[in-house]
Every structure is written in C-alpha cells, then in structure tokens.
Amino acid sequence: MNIPTLPSFHLDTAQSEIFPDNGEYVLKVSIGTPPYDIYAIADTGSDLFWTQCLPCDHCYPQKNPKYDPKSSSTYGEVACPSQQCQLLDTTSCAAPSNTCNYTYGYASTSLTKGFLSTETLTFASTEGSPVTLPNVVFGCGHNNTGTFNENEMGIVGIGKGPISLISQIGTSFGGRRFSQCLVPFHTPPTISSKMSFGSGSEVSGPGTVTTSLVALQDPTYYFVTLNGISVGSTYLPFSSSGAVTKGNMFLDSGTPPTIVPRDFYNRLEAEVKRAVELTPIDDPQLRPQLCYGRDVQAKGPVLTAHFDGKAEVELKQTSTFIEAKDGIFCFAMTSTDSPGGIFGNFAQTDHLIGFDLDKNTVSFKPTDCTKL
C-alpha cells in the first residue's frame, strides 16, 4: 500500500509590499544578512532579479545607498561553470576568478551587467514572523544603464523562466504561484499593496474569473488569449477575420499601456470616440493619442476584456483614461505592427491577479487594491 506523501503545509503566506512609482511598481525585497531593503521594479515581463551593487563601474543615480556585498555575511558568487550559471543564456565565465558574468537587456533598451550571485532573501508573512530563503540567484549589477529613476534600485523579474524569482522560491513556499494587486496610476507613493507568494496566494471567491496560460516558445512571458474587447455593450473582436491565435497577448506589469495590433486599435479607438459624448482635446505634445478633459473618467464607456474561458475582465474607468498632463486624460492603449500585444499595468490595476505556473492559469478578481 502506497501512503501518499503529504504536501508541505504552510500556515502563513510570504508577502512583499508593492508601491506605485510613476507608471511602474516597485517591490520591497530584503536581501542579505543583516537584511537590506531593496526597492526594485516588479516585472512579470522578465526573469532576472538584479540590483545595483558596489563597487559600481557605471550606475544610474539612486536615492538609497547601493547594496554592498561586503556588508552581508550570506553573499556568494555563482561559480562558472555551474548549473546555476546556466539558468540564464546570456552568461560567460570570467577567468581567472571563474565568476559567472551576465548581461541582461530589455525592450526599453535598459541594460544590466555584473555577476550572478546568491543571497538570502527575507519576506514578511501573514503570520507576522519573517520568512527567510537562502541561496536565491540574483544579478549583482555593476554596470547598469537605462530609463530608471532614483527610486528604482533594480528589477525583480517575476516571469515564468527558470531563473525568475517565482521559479526559484516556489517549491519552498508551497507552489509556483503568486498574486498581485496594483493600485491605480497616480495613487500617492506612500500607499502600498501586497504581492503574495506560494501557498495562500491563490485568487478565488465571488467575482473571480480564470483564463489559461498558453505555452509558447518564449519561456518568460505570461501569454493569454484575448478574444476581443467590449466598449460599453459593443463587442469588438481582436481580429477582423474572427480567427484568434492562442496566446496573442501577454500580461506585463512592467509596461503601463495596453498594446494591441494596429487594426484592432483603430477599431477600438473609433468605438471609444463614438461612445464618449465629449469633445476630444488636441494637444500637440500628446498627438496622436485620443485625449479628453477630466470628465471622461466619469462619462467614459466601460471597457471589458474578453479572455479565453469566458473570463471577462471589466477595466476601471480610472485605468482606461490616464492623466497625461494636468487635466488632460488620454486613452491608455496604443498600437503595434506586430500580430500580438501586451496587457499592461494600467489595465491590471484594482484587480487581485493570481498567476499559477503549476496550474497554468491566471485569475482576476475586482478589488480595491488601496485597501489590501
């Protein structure tokens, strides 16, 4: 008789605070011994977790002191060659020290270079006592460039790839899953919400809708299938032909606008314009965006994203029109010439969103994220 092994039981859920940061969101991660707080961009569209490290050959300015590996008793460098060094496909061995050098780039042309290293991470928990996790692989960035502001001390990659924070910590926390709740754009930076990891981070209950993750060639992205978007009661299919490619969108917390193929965007914009009974504002600096005065947040149509599996996600009006300049609110979507698109962080706000890599699902639940 086979006695089934019991799953590891977690009384508490590991959590981190997440703060709005001018169109991005920064996650508080404590690394090292003693713990040092890092505030890094939470990014479901990339895998590597890295922070600016001393000594800095070339670093962008940041407000808080940079992380110093010498001040932590648990810092270690990843050996080369090793399995850990192969978790990323842009690494090389540096002789004679045999350190694992990495280079990691982003679509925004930002770039980080440094050593792949290991460190202990400390998380807050719902029980109140902190949870520590040793030997997490991260990038100690000694050469970092790009479009960062002084609050952003690096990037936390929470994509699906093998080196991502979720893939690394999942087994210790009872499953490769996490949930996030992003507060709306322009929420004061002092108001945080929570990101929860592993056991207890599941999203369920009244109002929850779930769609399937689609496995495509790129291992990083959370691909989902968007069948169409309704503007009020008018349904617009993603594709004029009616045929939809599975995995035509991915969810990206690091990209603010929702980006869709040009033909779909043109039909959406025309329908939004028809539905809004206000005169558009033509601001030369904001062209070609569709913009209105402040009233549009109250008088604008409700948009609903229709994902596979009858998962209908109603977008808040506050996330459909975003204040681009004082008193001018612009449509928070844009177009691309590629056949797929990105469901950006504006559209994700005020929803508790659960990503489950073990079940291959994403769940959405309307939630006031400022109350979490």
Quick check against the 3.5 Å criterion: does [X] have a side-chain atom that pairs as donor or acceptor with the backbone of [Y]?
| X | Y | result |
| --- | --- | --- |
| Ser46 | Leu48 | no |
| Ser167 | Gly161 | yes |
| Asp358 | Arg176 | yes |
| Asn345 | Gly23 | yes |
| Gln168 | Val137 | yes |
| Ser253 | Ala42 | yes |
| Thr234 | Ser230 | no |
| Gln62 | Pro65 | yes |
| Thr91 | Cys85 | yes |
| Thr118 | Asn135 | no |

Using side-chain heavy atoms (C-beta onward) and a distance below 4.5 Å, is [X] in contact with [Y]?
| X | Y | answer |
| --- | --- | --- |
| Leu116 | Tyr104 | no |
| Asp350 | Asp368 | yes |
| Phe19 | Asn151 | no |
| Leu121 | Leu165 | yes |
| Asn227 | Phe238 | no |
| Lys70 | Leu54 | no |
| Phe148 | Gln52 | no |
| Ser117 | Glu77 | yes |

Counting heavy atoms not belonging to [X], are there more than 12 under 6.0 Å from its [atom1]?
| X | atom1 | value |
| --- | --- | --- |
| Lys113 | NZ | no |
| Lys359 | NZ | no |
| Asp68 | CG | yes |

Hey, mind stepping through Gln348 and Val313 against side chain to side chain contact (heavy atoms under 4.5 Å, CB included) and telling me if it holds? CA-CA 9 Å; Gln348 295 177 44; Val313 177; over 6 Å; no
Start with the C-alpha distance between Glu277 and Lys299, add both sets of side-chain angles, then the distance that settles salt bridge (Lys or Arg N to Asp or Glu O under 4.0 Å), and finish with yes or no. CA-CA 8 Å; Glu277 293 174 358; Lys299 296 180 178 171; over 6 Å; no
Are Phe178 and Phe355 close enough that their ring centres sit under 6.0 Å apart?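 Close enough - the centres of the two rings lie under 6.0 Å apart.
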With rounding to the nearest 0.5 Å, note down the distance linking [atom1] in [X] to [atom2] in [Y].
| X | Y | atom1 | atom2 | answer |
| --- | --- | --- | --- | --- |
| Ile353 | Lys365 | CD1 | NZ | 13.5 Å |
| Met333 | Phe321 | CE | CZ | 9.5 Å |
| Leu372 | Ile18 | CG | CD1 | 11.0 Å |
| Met153 | Trp50 | CE | CH2 | 11.0 Å |
| Gln297 | Tyr292 | CD | OH | 13.5 Å |

Is the distance between the SG atoms of [X] and [Y] less than 2.5 Å?
| X | Y | value |
| --- | --- | --- |
| Cys80 | Cys93 | yes |
| Cys53 | Cys140 | yes |
| Cys181 | Cys369 | yes |

With clusters defined by side-chain heavy atoms of hydrophobic residues (ILVMFWY) lying less than 4.5 Å apart, directly or transitively, does Phe343 cluster with Phe250?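 Different hydrophobic clusters.
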Is it the case that Thr74 and Thr33 place a side-chain donor and acceptor less than 3.5 Å from each other? yes
Report the C-alpha distance between Leu27 and Gln180 in whole Å, list the side-chain angles of each, state the deciding distance to 0.1 Å, and finish with yes or no for side chain to side chain contact (heavy atoms under 4.5 Å, CB included). CA-CA 10 Å; Leu27 189 69; Gln180 66 179 35; over 6 Å; no
Phe364 vs Val203, test: side chain to side chain contact (heavy atoms under 4.5 Å, CB included). Steps then yes/no. CA-CA 7 Å; Phe364 300 83; Val203 174; over 6 Å; no
